[in-house]
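Here is the structure we will look at, set down as structure tokens.
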Amino acid sequence: MTELTELGVAAIRDGVAKGDFTAVEVAEAFNANVAAAQDALNAFIVATPDAAIDAAKAVDVKRAKGEALGKMGGVPIGMKDLFATKGVQTTAASHILEGFKPEYESTVSQKLWDAGAGMLGKLNLDQFAMGSSNETSYFGNVISPWKRNDGGNAPLAPGGSSGGSSAAVSARLCPAATGTDTGGSIRQPAAFTGISGIKPTYGRCSRWGIVAFASSLDQAGPMARDVRDCAVMLEAMAGFDPKDATSLNLPVPEWEANLSGDLKGRRVGIPREYRMDGTDADVLASWDRGIEWLKDAGAEVVDVSLPHTKYALPAYYIIAPAEASSNLARYDGVRYGLRDLPDGANLQDMYAATRAAGFGAEVKRRIMIGTYVLSAGFYDAYYTQAQKVRTLISQDFRNAFTQVDVILAPTTPTAAFGLGDMVSDPLAMYLNDVFAVPASLAGLPAMSVPAGLNREGLPLGLQIVGKPFDEQGVLNAGLAIEARAQFTAKPEKWW
Amino acid sequence: MSNYRIQGATGEWEVVIGLEVHAQVTSNSKLFSGAATAFGAEPNSQVSLVDAAMPGMLPVPNRECIRQAVRTGMAVGAKINKWSRFDRKNYFYADLPQGYQISQLYHPLVGEGSLEVILDEKDPEGSTKTIGIERIHVEQDAGKLMHDQHPTMSYVDLNRSGVALMEIVSRPDMRSPAEAGAYLAKLRQIVRYVGSCDGNMDQGSMRADVNVSVRRPGEPFGTRTETKNVNSVRFVMAVVESEARRQVDLIEDGGTVVQETRLYDPDKNVTRSMRSKEDAHDYRYFPDPDLLPLELDDAFLDECRASLPELPDAKRHRYETALGLSAYNANALTADVEVARQFEALLGSVAKASGKSEADASKRVANWLLSEAPGVLNAAGVGADHAKNTVEANTAIIVATESGLISGSKAKEIFAEYLTGDIDLAAAIEANKQTSDTGAIEAAVDGVLAANADKVAEYKGGKEALFGFFVGQTMKAMQGKGNPQLVNQVLKEKLG
Amino acid sequence: MSVDTATVARIASLARIKVSQAEIDAMVPELNGILAWVEQLGEVDVSGVEPMTAVIENHLRLRDDVIDADPLTAGGVRDKVLANAPAAEHGFFGVPKVIE
Ligand SMILES: [Mg+2]
Ligand SMILES: [Zn+2]
């Protein structure tokens with residue numbers, strides 16, 4: 001029998017249901033992997049082995065009684081530490097929320113528990129989901145389980161902000177994990193670590209109980225080893241929530257049941273503006289291979305134009321910090337979290353001291369940018385202009401989608417970089433999300449699937465962007481690529 | 001046109017006033033959460049995770065709050081914007097858990113409207129003035145800080161945090177304290193009619209930010225100050241007066257008015273600068289990304305319009321024309337929605353019980369409510385909301401007097417006894433029924449005249465003022481039950 | 001547009017983040033780099049373009065006016081609300097004394 005930790009979501013669910021193994025056996029196996037990797041990878045901020053076992057026991061009891069086990073029955077997962085989990089520390093990887101134990105459970109995590117999943121722990125991330133390398137966490141960097149094949153031993157970035165999630169899934173610490181994607185935070189880390197991840201249409205997953213970064217962009221989604229597992233988990237996570245005014249009031253489609261890699265009659269757009277300077281040759285080559293794979297799957301490939309692509313990233317770096325500067329105002333040392341009250345400090349001094357001590361450098365940088373672009377006299381030049389550009393970017397996609405069903409592009413301009421390589425240059429770091437951000441600004445479903453390894457032996461991802469609500473089209477194109485990429489590489493265990 | 005002028009050392013000044021009135025919307029739950037809004041609850045007992053701005057909490061708007069603001073807008077003839085948006089107003093304060101207030105700056109729910117005020121309450125037919133309303137928007141209230149419980153700490157109670165407010169912004173159309181007072185009173189009257197705010201100013205349900213500036217008549221507007229949270233009509237008038245005076249004195253002394261936020265001290269009747277709010281505010285308004293644009297459809301607006309009650313001006317007009325009441329009485333009866341409601345209930349009941357039309361019964365009911373009943377209640381030491389002060393009781397009293405069953409003075413006596421004592425109203429009326437039996441009246445009159453032969457002689461000798469004495473004596477002899485008209489008639493006959 | 005040390009200090013104060021002079025000095029070029037880069041948006045012709053409001057076709061839902069309809073957004077949970085407070089006293093949140 002294969003090692004249990006080599007199994008994905010669907011295989012575990014089906015195996016538990018059939019009685020091939022118990023949910024508790026699965027939870028124990030993953031708990032052991034989590035514990036063994038913690039010192040080396042730092043993927044978790046808090047491990048919750050007991051929660052995983054308790055959930056597994058409940059599933060095993062249900063099975064013994066012959067009851068239905070749920071879409072995720074017996075599957076232990078990692079929970080990005082941006083989701084509020086009742087009674088379990090929730091920090092957004094920040095000092096300011098260190099020790100915060102919510103009295104509530106986020107809608108998405110609750111749905112997962114209701115579907116029979118169990119929690120292995122709270123996954124590390126970039127602080128307040130701001131970053132692309134998981135180097136901004138107050139609780140230390142996450143180390144990618146991957147190594148370059150040059151024999152060097154440089155620790156690599158697992159991507160971000162869902163870097164704990166990507167590292168944990170690719171290192172077999174969990175079969176799947178939740179992620180959130182504001183400007184690529186599911187897709188970019190998935191690409192960096194050779195796993196799959198989908199950001200659904202904005203509004204598919206409730207934002208209730210997820211620590212907010214940029215409200216008009218934040219979307220939760222699954223990160224897992226393959227497309228099917230993403231489909232299964234997304235079904236469990238998605239759904240209308242009356243507590244979120246931006247939640248889509250639509251039924252959750254049966255994405256797993258409708259998976260099909262046959263793309264006959266489908267049209268795939270190749271956006272010419274994504275052939276940018278600075279894109280790695282291996283990335284471009286993998287994109288070309290992806291095009292051939294989709295043709296092989298029966299799709300017609302069409303050249304499309306998304307003329308405002310180059311403005312997506314600068315627009316994003318106005319809109320997201322603006323929203324963040326306001327969303328993070330609540331961290332003030334009054335109702336929860338850190339309070340820094342210097343001697344003789346008044347209320348406003350306390351705010352300033354608390355926030356100075358509680359936020360990391362990147363968070364402060366974005367709050368400063370956001371505060372500036374919203375301030376008197378600058379609002380129209382920056383914020384309104386950016387929201388108008390956002391409208392144009394959205395229209396670009398709408399126009400393209402009159403000709404094609406999905407769009408294929410690389411997920412990132414390069415493979416994973418070394419930890420520390422980019423920290424001194426925020427702009428270079430931001431550019432990592434250049435291919436991911438446009439779909440975020442337009443609220444579109446988009447996923448990354450592993451497409452192969454570069455010359456250094458590091459994974460590369462291909463991104464599929466779909467029409468609003470068409471996660472199925474995205475998943476199916478992903479499945480077609482997955483079937484042809486035959487990506488079986490995994491990081492060699494060194495931890 | 002107001003002729004209100006401030007006499008300065010260098011000549012006359014005109015005052016320019018605009019009001020921003022915050023009115024708490026009547027709703028069961030808060031604007032964006034399910035927590036209750038009731039006044040006076042235990043600290044932090046009506047606070048949800050949303051109101052406390054826990055991480056990941058999101059606002060979902062309350063339909064009723066939107067509906068009430070729309071109805072209010074309709075009541076002041078305002079343009080209702082079918083497309084509006086919520087914006088965030090960002091600032092840090094301990095009573096503001098989110099670090100921003102969800103409000104509406106760029107696209108308010110309600111646009112321009114106006115209302116008409118009567119400048120002299122005692123002269124409802126006198127001159128009126130139309131005051132422009134610039135906008136009405138919906139926003140969250142803040143929590144409350146308490147400073148006296150602890151030597152080094154302030155305490156935060158978030159019960160009010162997130163309660164819905166309407167901010168009703170006037171044009172700078174008022175030119176005197178009286179106009180400002182009349183405007184606020186009129187606004188209060190309207191929201192109470194509409195039912196969108198209870199108007200309880202002492203509980204903070206309505207409070208005004210008073211914008212005041214002064215200028216030479218006919219010149220451009222001067223620099224204004226904003227005096228925050230003034231919570232009565234009287235105080236609004238006092239603020240205008242004292243702040244205008246202060247500005248005039250300041251300018252005439254060579255100073256300049258600075259645009260600032262001020263606070264009113266009712267004990268000293270002065271305004272003072274609010275230093276704590278001085279640090280240059282930059283609210284960084286932007287559309288709340290947690291909320292989509294608010295789009296209202298015709299069905300919603302139709303329901304809002306259809307559910308509007310008869311408004312005070314229309315009601316006052318109807319009382320004058322259809323019910324034939326005096327302008328003064330019509331104004332008095334419509335000044336407050338509760339009084340109008342009482343009047344109409346009683347009028348309907350009296351008309352029905354007496355078989356008269358409402359127009360025929362209206363004057364009697366109006367007089368009873370406005371002058372007679374208050375006297376009785378007052379003397380009995382009970383409020384109008386007394387449990388026994390029912391429509392039925394009032395109807396019985398009025399009908400019994402109208403039909404001549406009991407006398408007016410007996411009626412008041414019985415009513416007072418009924419309110420404070422333990423008597424059966426119908427039985428008391430029955431027991432005190434006045435008699436119209438001419439035989440009994442004649443017998444009583446004869447007795448009185450016989451016993452007072454000297455006075456009869458004086459009367460006949462020309463001292464006609466004694467007639468009242470004979471009436472009184474006869475009524476007394478009949479224990480107040482003689483029909484006064486018949487008593488008069490019989491006396492006149494017998495005294496010849 | 002570019003920021004100087006005074007502007008950075010003012011922005012930090014607006015954002016209630018205490019910064020040292022050294023931090024301000026370090027932030028100035030960093031923020032200017034980012035601002036110069038985002039200002040390329042000025043090139044885009046946006047005449048007649050509305051700013052984005054709802055990224056996905058959706059309408060704002062209004063909820064019914066019912067007290068405590070959903071326990072997760074209901075009042076009456078004082079203990080939960082105060083559970084993580086750094087200074088909760090007598091049912092209140094405590095803050096340094098405010099002089100108004
Ligand atoms: Mg104001
Ligand atoms: Zn206001």
Side-chain angles (χ1 to χ4, degrees), chain A residues 82-84 90-92 94 97 100 102-104 106-107 128 203 206-212 214-218 241-247 319 322-323 325-332 334-337 346-348 350-352 355 370-379 383-384 387, chain B residues 31-34 44 47-62 85-102 105-106 143 145 147 152-156 158 161 276-294:
Chain A
L82 203 61
F83 293 80
T90 299
T91 66
S94 72
L97 277 177
F100 172 63
E103 295 282 332
Y104 51 98
S106 82
T107 298
F128 282 102
S206 169
R207 294 184 295 113
W208 195 88
I210 303 175
V211 175
S215 310
S216 75
L217 295 152
D218 296 345
D241 181 3
K243 298 189 298 305
D244 175 357
T246 60
S247 170
I319 294 163
E323 294 184 12
S325 71
S326 178
N327 281 336
L328 271 60
R330 66 188 56 199
Y331 306 104
D332 60 6
V334 174
R335 283 149 286 110
Y336 42 78
N346 67 23
L347 177 70
Q348 301 296 342
M350 180 187 91
Y351 289 155
R355 293 161 61 79
T371 303
Y372 181 70
V373 300
L374 290 176
S375 66
F378 299 106
Y379 172 78
Y383 187 80
T384 308
Q387 289 288 26
Chain B
L31 180 54
F32 294 115
S33 87
N44 291 308
V47 181
S48 70
L49 300 166
V50 177
D51 309 313
M54 291 288 161
M57 293 299 97
L58 297 171
V60 180
N62 180 339
R85 270 214 82 146
F86 288 102
D87 300 306
R88 291 184 183 177
K89 177 183 184 178
N90 295 285
Y91 64 96
F92 288 87
Y93 204 58
D95 63 6
L96 191 73
Q98 293 164 140
Y100 54 85
Q101 177 196 34
I102 305 179
L105 176 72
Y106 298 109
L145 281 181
H147 307 296
T152 62
M153 282 206 280
S154 292
Y155 283 160
V156 186
L158 297 179
S161 164
S276 65
K277 302 252 173 181
E278 279 309 89
D279 64 317
H281 268 154
D282 182 345
Y283 292 122
R284 290 158 286 135
Y285 279 99
F286 76 111
D288 191 327
D290 284 330
L291 295 162
L292 299 156
L294 173 58

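Within every chain, numbering begins at 1; the chains are lettered A, B, ... in the order of the sequence lines, protein sequences first and strands thereafter.
Ring geometry, B:Phe92 versus A:Tyr351: the interplanar angle falls from 30° to 60°, so the pair is classed tilted.
If you tally non-hydrogen atom pairs under 4.5 Å between each of A:Ala212, A:Ser326, A:Ala245, A:Ala322 and chain B, the highest count goes to A:Ser326. Note on A:Leu217, A:Ile319, A:Asn327, A:Asp218: by heavy-atom pairs under 4.5 Å with chain B, the leading option is A:Asn327. Heavy-atom pairs under 4.5 Å with chain B peak, among A:Arg355, A:Glu103, A:Gln387, at A:Arg355.
For the ring-ring contact (aromatic ring centres under 6.0 Å, His included) test, residues two or more places apart in sequence or in another chain that qualify with A:Phe128 are A:Tyr331, A:Phe359. Applying the side-chain contact (heavy atoms from CB on, under 4.5 Å) rule to A:Thr246 yields the partners A:Tyr202, A:Arg207, A:Asp244, B:Leu292; only residues at least two apart in sequence or on another chain are considered.
With a 4.5 angstrom heavy-atom cutoff, A:Ser206 does not touch chain B via any of its atoms. The contact between A:Ile210 and chain B is made entirely by backbone atoms, counting heavy-atom distances below 4.5 Å. With a 4.5 angstrom heavy-atom cutoff, B:Asn90 touches chain A only via side-chain atoms. Contacts between B:Tyr100 and chain A at a heavy-atom distance below 4.5 Å involve the side chain alone, from C-beta outward. A:Phe100 touches chain B through its side chain: at least one heavy atom from C-beta onward sits under 4.5 Å away, while N, CA, C and O do not. No part of A:Pro102 comes within reach of chain B, as not one of its non-hydrogen atoms sits under 4.5 angstrom from that chain. At a 4.5 Å heavy-atom cutoff, the contact between B:Tyr285 and chain A is made by backbone atoms alone.
Between the CH2 atom of A:Trp208 and the CG atom of B:Leu49 there is a distance of 6.0 Å, given to the nearest 0.5 Å. Between B:Leu291 atom CG and A:Ser216 atom OG the span is 12.0 Å, to the nearest 0.5 Å. Annotation: the span from B:Leu58 atom CG to A:Ser247 atom OG amounts to 10.0 Å, rounded to 0.5 Å. To the nearest 0.5 Å, the span separating CD on A:Glu323 from CZ on B:Arg88 amounts to 7.0 Å. Atom-to-atom distance recorded for A:Arg335:CZ and B:Asp51:CG is 11.0 Å, nearest 0.5 angstrom. The CE atom of B:Met54 lies 12.0 Å from the OG1 atom of A:Thr90; values are rounded to the nearest 0.5 Å.
For the residue pair A:Tyr336 and B:Ala52, the shortest heavy atom distance occurs at CE2-O, 4.2 Å. Taking all atoms of both residues into account, the shortest heavy-atom contact from B:Pro55 to A:Val211 is CB-CG2, 3.9 Å. The shortest non-hydrogen separation linking B:Asp282 to A:Ala376 is OD2-N, 2.9 Å.
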